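Owing to the predicted nature of the structure, the values given are computational and were not obtained by experimental measurement. Along the sequence shown, residues carry numbers from 1.
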Amino acid sequence: MRSGAVVVHHVPQEGTRHAAVVAAKGVGDAVGRHRRQRQLRHILAGMWDELPPGSLVVRALPGSVSYSALEADVQRAVRRL
């Protein structure tokens with residue numbers, strides 16, 4: 001499910017939740033990629049109980065985006081799953 005600066009892939013599974021974050025080289029240099037990954041992990045940790053059971057992969061798309069916009073994009077994508 002694409003929403004703004006992220007793409008969220010979901011594989012349903014009973015009872016468990018797993019999440020992975022991916023930021024390709026197009027997101028920026030190593031510092032920028034790691035920053036975006038940390039931001040996404042922090043957003044996911046804050047909404048962990050809202051996530052559907054199963055495995056999630058959150059992929060950061062290239063482009064600059066504020067933390068609040070990134071958080072809104074993740075929440076919108078998760079709601080549409």
Side-chain angles (χ1 to χ4, degrees):
M1 191 61 48
R2 182 181 176 153
S3 178
V6 296
V7 175
V8 177
H9 301 278
H10 178 248
V11 177
Q13 235 176 345
E14 288 294 320
T16 61
R17 287 184 183 97
H18 302 281
V21 175
V22 179
K25 285 187 178 182
V27 172
D29 61 358
V31 173
R33 287 192 309 272
H34 290 294
R35 179 182 300 120
R36 182 73 57 88
Q37 288 175 333
R38 283 192 310 272
Q39 290 173 336
L40 287 170
R41 285 195 304 266
H42 186 262
I43 291 167
L44 289 172
M47 57 186 296
W48 191 255
D49 293 332
E50 302 170 32
L51 298 177
S55 297
L56 289 171
V57 175
V58 180
R59 183 168 55 101
L61 297 176
S64 95
V65 62
S66 68
Y67 181 84
S68 59
L70 187 64
E71 185 174 25
D73 290 343
V74 172
Q75 289 175 349
R76 192 175 318 113
V78 168
R79 274 191 302 246
R80 286 196 269 163
L81 291 176

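- Between H10 and P52, the closest heavy-atom pair is NE2-CG, 3.6 Å.
- Two different hydrophobic clusters hold L61 and L70 under the rule that ILVMFWY side chains link at heavy-atom gaps under 4.5 Å.
- Between Q39 atom CD and H34 atom NE2 the span is 13.0 Å, to the nearest 0.5 Å.
- Hydrophobic clustering of Ile, Leu, Val, Met, Phe, Trp and Tyr side chains at less than 4.5 Å, counting indirect connections, keeps V27 apart from Y67.
- Hydrophobic clustering, with ILVMFWY side chains joined whenever heavy atoms are under 4.5 angstrom apart, groups M1 together with I43.
- When all heavy atoms of V8 and A77 are compared, the pair lying nearest together is CG2-CB, 3.7 Å.
- Within the structure, every pair that satisfies the salt bridge (charged side-chain N to carboxylate O under 4.0 Å, His left out) test and touches residues 72-81, not counting sequence neighbours, is listed here: D73-R76.
- Among all heavy-atom pairs drawn from Q13 and S55, the shortest one is OE1-OG, 3.5 Å.
- Of all heavy-atom pairs between R17 and L51, the closest is NE-O, 2.7 Å.
- M47 and V7 are members of different hydrophobic clusters when ILVMFWY side chains are connected at heavy-atom separations under 4.5 Å.
- Residue H42 places its NE2 atom among 12 or fewer non-hydrogen atoms of other residues, nucleotides or ligands, all under 6.0 Å distant.
- Grouping the Ile, Leu, Val, Met, Phe, Trp and Tyr side chains by contacts below 4.5 angstrom, directly or via other members, places V6 with W48.
- Atom-to-atom distance recorded for R35:CZ and D29:CG is 8.0 Å, nearest 0.5 angstrom.
- R36 places no side-chain N or O within 3.5 Å of a backbone atom of A60 that could act as its donor or acceptor partner.
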